[in-house]
Amino acid sequence: MRILVQKFGGTSLSTDEARAFVVRHIERERQRQHQLVVVVSAMGRRGDPYATDTLLSLLPNHSAGLPARERDMLLGCGEIISAAMLCGLLHAHSIPAVALTGGAAGIITDSQFGRARIVEIRTDRMLQSLQDGHVLIVTGFQGMTEAGEMTTLGRGGSDTSATAIGAALKAERVDIYTDVNGILTADPRIVKDARALSVVGYTEICNMARQGAKVIHPRAVEIAQQARIPLRVRSTFSEDEGTLVTDSLDFNQRAAVRDRHVTGVAHVSGVTQITVHAQDGHNDVQLQVFQAMARHHISVDFINVTPGGAVYTVFDQDAEQAVAVLQAIGYDPAVVTGCAKISVIGGGMNGVPGIMAKIVEALTESGIQILQSADSNTTIWVLVHENFMVDALRALHAKFSLHE
Ligand code: ADP
Ligand code: MG
């Protein structure tokens, strides 16, 4: 069997025009003798009638008080509507199709409602539909517990459904269709001349996704990497093949990837920088601080520890609590809210001199202060005030000539 998984995101299903493109991509791959599993998200984005956020807003206070189990029943509706709607559309085009919920398709999860993990995929039902010659439509973002309760997979869930199904069915490839031409060197909403990458490795994309590039969820990339299934991220609205994500590169592709020191820039906004200095008599400040954060389940990032104290970041919404916790154990932290973490990512930057110098140059030339920095062998991070985030991304993108 030559199985291909196609995943269509929210904007790819939200208008008649978009849906006509979706049908065309399905028809084309059928003509190429692929057996198709089509994974769908809820239609549209916040504010659109069946989008996930809109369903939640049916309840006051963004569904406060709704138990997690029933919340998942509500959340899962958007994908069910998409799947049934697309099934009808394919039938109207004389394409035989069946639609299955995540549970009916055999996606078995644990019972952490709202952020369930897939524990097993039972493929019998899916394989049967494919053997019958149907295009199989599966609701993304959804699974089912052993006991038959509907669960949802959390953020980026439909991407995860698609690659997990691809892995379970040993698909030839998983195509992620979205509203941009692939994985770009930066978020095109911010950097207008961001360019689509033609080929990238899994680790690099996983890094970009973890550092804020919202085009694909990192968990989905990890699953594809483990199963060694190539991914394509491409636009629903064109025939352009977009970005191929794979580790099996030919010689020329390998050279191109190696010579590219910096692959892209990504950002996360809404973070607060906290600086704690050791008080007289406290010589275990780092231990005390991070244990206190852990006790209160406050997630910390961008940690720099020095002999005199520690500096780190938390999400803005956790800042108030973090400060209270620190004050309660006798510290007087300095706090800068409204920061953005900018990441310069490149699998080929390891050991290349001058990358940090160029980053500092780009930001200094634009009058942007660096509040903190750190690096690994594939990423350099800088923290800046959120007001400078857009300028910083554009300056870095230009400095590394990423538009070329
Ligand atoms: P979908 O509903 O299809 O899953 P998403 O909104 O999840 O779509 O992802 C696509 C969006 O990701 C794009 O519209 C783009 O604004 C954003 N994005 C952020 N960073 C990047 C990047 N590096 N490359 C491509 N798109 C990006
Ligand atoms: Mg998405």
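Indexing begins at 1, ligand by ligand and atom by atom, following the structure's order. Here the structure is a predicted model, which is why all the values come from computation and not from measurement.
- Scanning the protein for heavy atoms near atom 5 (P) of ligand 1, the closest one is R45 NH2, 3.5 Å.
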request  = List the steps and the verdict of ring-ring contact (aromatic ring centres under 6.0 Å, His included) for F21 and F237.
outcome  = CA-CA 6 Å; F21 280 104; F237 306 93; 5.6 Å; yes
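- Listed by number with element, the atoms of ligand 1 under 4.0 Å from a non-hydrogen atom of D179 are 10 (C), 11 (C), 13 (C), 14 (O).
- Pairing each heavy atom of E404 with each of R195, the nearest pair is O-NE, 2.8 Å.
- Using a 4.0 Å cut-off between charged side-chain N and carboxylate O, K214 and D187 make no salt bridge.
- Classification of E239 and R28 as a salt-bridged pair holds, one side-chain N sitting under 4.0 Å from a carboxylate O.
- Here is the list of ligand 1 atoms found below 4.0 Å of a heavy atom in K214: 7 (O), 9 (O), 12 (O), 19 (C), 20 (N).
- Nearest to atom 25 (C) of ligand 1 by heavy-atom distance, out of G182, A213, G212, A209, is G182.
- Under the side-chain hydrogen bond (donor to acceptor under 3.5 Å, both in side chains) test applied with T378, the options T203, N207, N350, T263 reduce to a single match, N207.
- Ligand 1 is never approached by G264 to a heavy-atom distance shorter than 4.0 Å.
- Proximity of Q211 to ligand 1, defined as any heavy-atom pair under 4.0 Å, is not found for any part of the residue.
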request  = Go through H397 and D193 one step at a time and tell me if the side chain to side chain contact (heavy atoms under 4.5 Å, CB included) criterion holds.
outcome  = CA-CA 9 Å; H397 198 267; D193 58 356; 3.6 Å; yes
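- Each of the following atoms of ligand 1 lies closer than 4.0 Å to a heavy atom of T178: 1 (P), 3 (O), 8 (O), 9 (O), 10 (C).
- In this structure, the protein non-hydrogen atom closest to atom 16 (O) of ligand 1 is R189 NE, 2.8 Å.
- Between D301 and K341, at least one side-chain N (NZ, or NE/NH1/NH2) sits under 4.0 Å from a carboxylate O, which counts as a salt bridge.
- Where the criterion is an N or O separation shorter than 3.5 Å, residue side chain and backbone included, K7 meets it with respect to ligand 1.
- Counting heavy atoms closer than 4.0 Å to ligand 1, residue V180 contributes side-chain atoms (C-beta onward) but none from N, CA, C or O.
- Contacts of A186 with ligand 1, taken as heavy-atom pairs under 4.0 Å, involve the backbone alone.
- What sits closest to atom 23 (N) of ligand 1 on the protein, heavy atoms only, is L184 O, 3.0 Å.
- Checked by distance only, ligand 1 and T11 stay at 3.5 Å or farther apart across all their nitrogen or oxygen atoms.
- Every heavy atom of A266 sits 4.0 Å or more from the atoms of ligand 1.
- Between T185 and ligand 1, not a single N/O pair is under 3.5 Å apart.
- Salt-bridge formation is detected for the pair R19/D16: a Lys NZ or Arg NE/NH1/NH2 atom is positioned less than 4.0 Å from an Asp or Glu carboxylate oxygen.
- Where the criterion is an N or O separation shorter than 3.5 Å, residue side chain and backbone included, D159 fails it with respect to ligand 1.
- The shortest N/O to N/O separation between G10 and ligand 1 falls below 3.5 Å.
- The option with the heavy atom closest to atom 15 (C) of ligand 1, from among I216, V265, D187, is D187.
- Annotation for E120: atom CD counts as buried by contact number, over 12 foreign heavy atoms lying within 6.0 Å.
- Residue E29 is tested with Q31, R32, H25 for a side-chain hydrogen bond (donor to acceptor under 3.5 Å, both in side chains); the sole match is R32.
- Of the polar atoms of P188, none of the N or O atoms is found under 3.5 Å from an N or O of ligand 1, judged by distance alone.
- Heavy atoms only, all atoms of each residue included: L244 and P230 are closest at CD1-CB, 4.1 Å.
- Shown here is E17, whose CD atom has no more than 12 heavy atoms of other residues, nucleotides or ligands within 6.0 Å.
- For ligand 1, the atoms lying closer than 4.0 Å to a non-hydrogen atom of V215 are 9 (O), 12 (O), 24 (N), 25 (C), 26 (N), 27 (C).
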